[in-house]
Structures are given as C-alpha cells and as structure tokens.
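These values consider heavy atoms only, across backbone and side chains, with no hydrogens, waters or symmetry-generated copies.
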Amino acid sequence: MGTDAHVFLSDLARGLAPRADQLGDVVLQHLLSELPEVWKYEDIAAVAPVALSEHIAAALDFLERDLDMSEVRTPPAAIEFARRLAEHGVPISELLRVYRLVHAGLVDQFNKETARVAGSQELANATTLTLGAVAFEYVDRVAEQAVAAYQREHDRRLQRRLIVINEAGTRIGTTLDTTRTAQELADVGADHLADLVTVDLLSSALQEEGTYPETGPLTLRRIAQAVSDEGTDPAAVTGQTHTYPEDSEPAQVLATGQPVRIGITADDVPSWLAISADHELALRASGLRSLLLVPLWARGSPLGLAQFVRRRTAEPFDDDELLLAQEIASRAAVNIDNARRYTQERSTSLTLQRILLPHHGADESAVETASRYLPSGSRAGVGGDWFDVIPLSGARVALVVGDVIGHGLHAAATMGRLRTAVRTLADIDLTPDELLTHLDDVVIRMQREEERGTDEISATCLYAVYDPVSRTCSLASAGHIPPAVVTPLSVDGDASASRAVVFSELPVGPPLGLGGLPFESAQLELPPGSRLVLFTDGLVQSRSRDVETALALLRDVLARASASLEETCEQVLSALLPSRPADDVALLVARTRALDAGHVATWDLPCDPAVVAKARAHAADQLAAWGLDDMAFITELVVSELVTNAIRYGRSPIQLRLILQSSLTCEVSDANSTSPHLRRARVFDEGGRGLLLVAQLTEHWGTRHNREGKVIWAEQLIPSA
C-alpha cells in the first residue's frame with residue numbers, strides 16, 4: 001500500500017501541475033491575511049509571488065518524480081525572499097511562519113484533491129500519511145537553506161552596525177569636554193555615514209545647569225563639524241550662532257525628539273540651511289543630495305542637533321543607517337550631558353553611589369561577589385533597596401539585602417540610615433537573629449522621630465553570615481524573601497550539567513518596625529563553590545506573572561547560569577526583567593570559598609598560667625611553617641596577652657586559633673561572656689596595659705559573643721614581599 005500511495009502522489013502532483021498558479025493564489029491570499037505586516041515592504045511584496053510560484057513548482061516536481069530528499073534545493077527566489085526579510089529586520093520567526101503556512105496550505109490542497117479522486121478510503125488514508133511524513137522532511141530541508149541565507153544577511157547587517165557602535169563607544173566620550181565630545185561624534189559620522197556632519201548645541205545647554213530655559217526662537221551654536229573627503233565644507237563656521245524658524249524641520253526635531261530624513265535637489269535647498277545669500281550659493285554648488293537630522297536628547301530634554309549630509313550619492317539614508325545614526329547620537333548626547341553636568345553633580349553622584357551601590361576595593365577571602373542595582377522604571381523615583389557585603393572577624397563575611405517600603409528621597413534616606421545601622425551592629429558581631437532584633441528597635445525609634453503625616457517607616461531585611469572555616473552560613477529574615485542556594489557542579493566538569501537550586505527553608509520573621517515579635521536563625525552547610533543569591537522582591541514580583549512562576553524561572557536560570565558571577569547577574573536580569581522594572585531591584589550573588597586546614601591552626605589550652613609560654617611557642621612554630629617569621633614578635637605578644645586574659649578572667653574551655661588569609665587573625669575563646677575593655681593604666685599599676693598594646697600593634701581587634709561564651713580576636717596585615 002505504501003508503494004501505491006507514492007504512485008498515487010506522483011500522479012496527483014502531475015495532475016495539479018497545470019493548476020499551480022491557482023494553488024499559489026489560494027496560498028498567497030492566506031499569507032496576506034495571516035501576515036499583513038510582512039507585505040508592507042514593496043520589494044518583499046514584489047518577490048513573494050515569484051518565490052511562492054517557484055516553491056509550488058519545486059514541490060510538485062519533487063512529488064511527481066519521487067526525488068531523494070538530498071536532491072531538494074530551495075528556489076532562488078525563496079532565498080532572495082529570506083534575504084529581503086533580513087534586510088528589513090523582520091524577525092526570523094516570521095520567515096519560519098511563512099514556511100509553515102505555505103506548506104500547510106499545500107498539504108491541505110493535496111488532501112482535498114486526494115479525497116476527491118482516491119478510489120478507496122484505504123488509499124486516501126495511506127496517501128495522507130505518506131504526504132504528512134514527506135511534507136515535514138521537505139519543509140525542514142528547504143527552510144534550513146532559507147534560514148541560512150537569512151542569517152548570513154542578518155549577520156552582515158549586525159556586524160557593520162556593531163563595528164560602528166563599538167568604535168563610537170571607544171571614540172566618543174573620551175574626555176569630559178563638551179566640544180571634544182561633539183567633535184568626536186562628527187568624526188565618527190563622517191567616517192561611516194555621511195559626507196558632512198555638523199553638531200549644533202542649544203545655547204541653554206552650554207550654560208550651567210539651573211539657568212532658566214530660553215523663551216522664543218531657540219539659539220544654537222555650531223561647535224563641531226567634519227567632512228569625509230578633502231573637499232571644501234559649505235557649513236557655517238564653528239562657533240557661529242544661529243536660529244531656525246519655528247516651522248522648520250530642525251525646530252520640529254528639537255521639539256519632538258524624532259529624527260527626520262530629507263531629500264534635497266539642486267533647485268530646492270531648504271531655506272533654513274542657508275545662513276546668507278553667499279552660503280546658499282555654496283550649498284547649491286556643493287550638490288547636497290540627502291539630509292538626516294538627528295536630535296541630541298538627554299534626560300528627556302533637547303541638547304542640540306546633529307546633521308548628516310550626503311553630497312556624492314543620491315542614495316537616501318535607509319532605516320538601518322537611521323538607527324545607526326540615532327545610536328551614536330544618543331551615546332554622544334549622554335556623554336555631552338555628562339560632561340556639562342559633571343562639575344555640578346559630581347559630589348552628589350558620589351554620595352548617592354556610596355549609599356545605593358557599595359563598592360569593595362579588596363576581594364573578600366570568604367566569598368566572591370557580584371551585584372546589580374536597578375532603579376525603578378516608574379515615575380515613583382528612587383527606592384529604598386540596598387545590598388551590602390561586610391567583612392567580619394575570623395575570616396567571616398556578612399551578606400545583606402534589604403528593601404525600605406516606598407519610593408522617593410525619603411525612602412532613599414531611610415535606606416542609608418538602615419544600612420549604616422546594619423554595619424554598626426555587624427561590627428559588634430551579633431548573630432543574625434539578634435542583629436535583626438536590634439535593627440527592628442532602630443526602625444521603631446525612627447518611626448517615633450518622624451513627623452506626623454509622613455509615611456510610616458517599614459522595611460524588610462535578610463542578614464546572612466558565612467564562615468569559610470566551618471563552611472556554614474547562618475541567616476535570618478525580617479519579612480524578606482529567602483535566598484536561592486545553588487550547589488556547585490559535579491567534579492567531572494560536565495559543562496552541560498545543571499546545578500541544584502533550592503530556596504532555603506528559612507523562618508521568615510515580621511518586617512522591621514512592628515516590634516515585639518521574635519526572629520529566628522537558620523544554619524546551612526555549604527560546599528565550597530556554592531552560590532548564595534540574595535535579591536529584593538522587585539526581581540520576582542510583577543503584574544504580568546505570579547511570584548511562584550518568577551521563582552521557577554529564576555531557578556531555571558541559576559541552574560544553567562554561567563560560571564562568571566557578573567554574567568550570572570546579567571542572565572538573571574535579562575530573563576526576569578526584559579524591560580525596565582516597576583520596582584527597584586537589588587541583586588547580590590556570592591560564591592563561597594573555604595579555608596582548608598593548612599590555613600587554620602587550633603589549640604585547646606588548659607586554664608593554667610604555665611600554658612602561656614607553650615601558646616607563644618605554638619604560634620611561633622605555625623608562623624614559621626607559613627613563612628611569616630617576621631610577624632612572630634608581635635603575634636607572640638598578642639597571643640600572650642589574650643591567653644593570659646582568658647586564663648585570668650575567663651573560664652574553661654580555652655582555645656587559641658590562628659587564621660591565615662589576606663591577613664593574620666589571632667583568636668582566643670573562653671566560656672565567660674564578660675567582654676574586656678580598654679582602660680588607661682596609672683603609673684604604678686601592674687596591669688591594664690595588655691589590650692592597649694594589642695590595639696596599638698594590630699590593625700583591628702574586638703570581641704564577639706556566641707552561645708558558648710566569647711571570642712577575643714586581633715587582626716594583623718601581612719607585609720608584602
């Protein structure tokens with residue numbers, strides 16, 4: 001029956017060949033109704049019927065002659081059709097949809113004809129099955145070749161555009177000088193887009209920010225121009241000021257922010273181009289052919305105008321060139337705006353940057369981090385999201401992310417106060433649940449200080465402490481979303497493998513500011529190379545999807561994320577926030593590290609004054625093993641003082657620990673929770689100088705408490721070689 005079906009299909013194709021034009025009309029009408037946006041381009045509309053006719057002829061020939069699939073070739077007109085789609089920036093999905101619709105239409109026509117002429121239902125069914133199998137292979141074959149042609153043309157367009165954009169990014173904005181930046185824009189435009197490029201800036205844009213805008217006709221000053229050849233330039237002299245009539249194209253471009261393309265003939269030079277009668281004659285003689293006016297806008301306001309002029313070719317600026325000109329003009333406008341605002345806003349920008357985006361000069365030994373902060377895309381203004389990475393004693397590190405409810409300067413200022421409070425509380429080494437309890441009290445006091453009528457202060461916060469020695473992470477939440485924990489890939493190095501991603505089962509406490517409710521800590525054991533992903537709710541909350549869907553998407557992205565933390569941040573934001581977020585977003589990704597046994601030395605000490613000498617010897621031997629003999633004198637003194645204090649004022653068990661990282665930390669723990677403090681010893685006092693010596697000889701020192709007692713620590717910087 002299979003052979004009979006093939007023979008029947010061959011006869012059917014032979015019978016339909018005289019009606020190929022009729023089949024083409026039916027399929028073409030279907031395409032016009034399903035994909036009207038594709039036919040708005042004249043050249044595509046012209047080549048489409050030819051491509052469709054060749055496609056139908058090739059398909060009928062394929063079935064009639066029962067050809068092998070390797071002999072199938074996409075018709076030349078279909079290749080040209082795909083290339084034209086790429087030229088106009090039509091998505092490749094539309095090309096594939098055209099193929100699906102065309103072949104679905106042909107299969108439908110074949111099925112109708114089969115039902116009409118088949119002698120039996122059995123033959124009709126067998127023919128339908130055979131046609132379905134062959135059609136899928138056929139469409140895959142011809143679509144593959146068309147897609148390859150589309151991609152080649154698409155890559156060619158993108159490559160040229162990207163090359164120019166990359167060059168513009170390198171050449172434009174090299175300094176904070178307005179005139180220099182404008183000249184760089186003109187030079188790039190003359191090299192790649194036009195024969196002549198001029199840049200005019202509004203006189204108000206060249207004044208200090210804060211001055212009142214002009215009233216009446218806008219005055220511009222030409223501050224840059226460039227030509228692509230060695231010919232003369234009929235443009236106005238650089239530095240000359242001029243105005244444009246309110247109904248002219250340049251005035252409309254400045255008012256609307258939309259570019260304009262203008263075709264020019266020798267007898268029809270726009271009057272606004274001519275500054276004088278002599279200048280008009282020069283313009284006519286230069287043979288202007290095409291003009292592109294592109295606005296220079298920044299922060300929603302016009303700064304000036306860039307003119308791209310062609311004199312040697314009559315070919316107008318196409319859509320791709322328009323986009324390219326807009327791209328480099330937009331980059332230049334941002335740089336020009338930055339240059340003119342630099343002096344006035346430098347101190348403010350730096351202050352806000354310190355508040356919103358903390359920068360860490362030194363890499364933490366416990367974790368490697370990458371972070372992002374995205375402001376809200378709405379008109380609500382700056383929000384109160386923040387993140388922080390705080391080094392703690394004992395090679396530990398605190399990871400913080402929080403969100404002040406509300407927007408505007410009040411929320412940003414509150415965020416700055418809370419971030420400072422968190423750093424202050426972290427400095428005394430509180431456990432995560434205790435820190436959030438104290439932070440809750442801070443928010444309540446801030447509420448009491450607020451004036452009546454202002455929004456009530458409330459915030460969420462997640463505080464985590466990672467210890468690279470024990471490889472554990474303690475964390476607590478005040479109304480904040482738990483972090484994602486990503487386990488490292490297996491040791492076999494399979495790059496295609498997925499990481500396991502879980503959202504930690506953390507007891508989520510109430511938001512800050514309610515008071516009277518407890519916070520709980522949870523503890524996780526993390527293998528080296530694990531990732532902790534902390535984020536604010538703006539990343540996963542959206543009107544278009546629920547939180548569970550967003551968390552599932554985040555889990556999928558993190559499971560396949562790049563090894564680079566910076567790339568991971570970009571992948572997360574691209575997947576979850578394809579457009580500007582409706583709320584602020586803070587994202588902090590940390591990869592954990594571990595200190596192996598070779599970097600940590602621990603000794604349990606009896607509560608006996610005689611053990612002090614042995615403790616000094618242990619420390620000296622360990623420093624010798626680490627190659628730090630030069631630090632032995634100070635370290636022995638620190639060990640002697642801290643161990644003596646623990647024996648004299650503390651309780652067993654007593655433990656001495658040395659930690660080697662980017663610095664050397666000496667820790668002595670005991671079971672007494674009483675904290676030592678510095679005091680000024682009198683002339684004849686026999687004690688009271690130990691901690692003073694420790695404080696003077698080390699970089700940092702302090703005390704932290706735990707449920708077993710306390711730890712006194714001192715940190716020394718390791719001298720460079």
Are the side chain of [X] and the backbone of [Y] linked by a donor-acceptor contact shorter than 3.5 Å?
| X | Y | answer |
| --- | --- | --- |
| Arg423 | Thr420 | no |
| Thr460 | Ala478 | no |
| Thr592 | Pro527 | yes |
| Arg419 | Gly402 | no |
| Asp546 | Thr549 | yes |
| Asn338 | Val334 | yes |
| Ser477 | Gly509 | no |
| Tyr466 | Arg593 | yes |
| Arg331 | Gly173 | no |

Of Val508, Leu439, Leu436, the residue whose pairing with Phe519 passes side-chain contact (heavy atoms from CB on, under 4.5 Å): Leu436
With a 4.5 Å cut-off on side-chain heavy atoms, are [Y] and [X] touching?
| X | Y | value |
| --- | --- | --- |
| Pro719 | Asp630 | no |
| Leu664 | Thr635 | yes |
| Tyr463 | Asp388 | no |
| Thr431 | Ser474 | no |
| Ser663 | Glu699 | no |
| Val401 | Trp386 | no |
| Val485 | Leu532 | yes |
| Leu435 | Cys461 | no |

How long is the straight-line distance from [atom2] of [Y] back to [atom1] of [X], given to the nearest 0.5 Å?
| X | Y | atom1 | atom2 | value |
| --- | --- | --- | --- | --- |
| Ile457 | Arg445 | CD1 | CZ | 12.0 Å |
| Phe387 | Thr369 | CZ | OG1 | 8.5 Å |
| Gln541 | Leu576 | CD | CG | 12.5 Å |
| Ser458 | Gln447 | OG | CD | 7.0 Å |

Using the test side chain to side chain contact (heavy atoms under 4.5 Å, CB included), find all partners of [X] that sit at least two apart in sequence or belong to another chain.
| X | value |
| --- | --- |
| His700 | Trp713, Glu715 |
| Phe503 | Ala484, Phe535, Leu551, Leu554, Arg555 |
| Thr174 | Arg180, Glu184 |
| Pro609 | Ile647 |

Donor + acceptor pair across side chains of [X], [Y] (<3.5 Å):
| X | Y | result |
| --- | --- | --- |
| Thr437 | Asp440 | no |
| Glu641 | Thr644 | no |
| Tyr649 | Asn672 | no |
| Gln716 | Thr698 | no |
| Thr181 | Asn335 | no |
| Ser562 | Ser564 | no |
| Asp596 | His599 | yes |
| Asp670 | Ser652 | no |

Other residues, nucleotides, ligands: >12 heavy atoms within 6.0 Å of Asp621 CG: yes
Leu374/Leu577 under side-chain contact (heavy atoms from CB on, under 4.5 Å): CA gap, chis, key distance, verdict: CA-CA 10 Å; Leu374 292 183; Leu577 300 172; 3.9 Å; yes
Check against side-chain contact (heavy atoms from CB on, under 4.5 Å), Thr536 and His480: CA-CA 8 Å; Thr536 55; His480 204 88; 3.9 Å; yes
Pairs where residues 513-536 contributes a residue and the test salt bridge (charged side-chain N to carboxylate O under 4.0 Å, His left out) is met, not counting sequence neighbours: none
Pair listing, salt bridge (charged side-chain N to carboxylate O under 4.0 Å, His left out) test, anchored in residues 652-667, at least two apart: Arg657-Glu667, Glu667-Arg704
Carboxylate-amine/guanidinium contact Glu566 Arg372, below 4.0 Å: yes
Stepwise side-chain contact (heavy atoms from CB on, under 4.5 Å) test for Val557 and Val501: CA-CA 10 Å; Val557 173; Val501 182; over 6 Å; no
Step-by-step side-chain hydrogen bond (donor to acceptor under 3.5 Å, both in side chains) determination, Tyr373 to Asp584: CA-CA 8 Å; Tyr373 173 80; Asp584 289 22; 2.5 Å; yes
Full working for side-chain contact (heavy atoms from CB on, under 4.5 Å) between Val486 and Val589: CA-CA 10 Å; Val486 187; Val589 182; over 6 Å; no
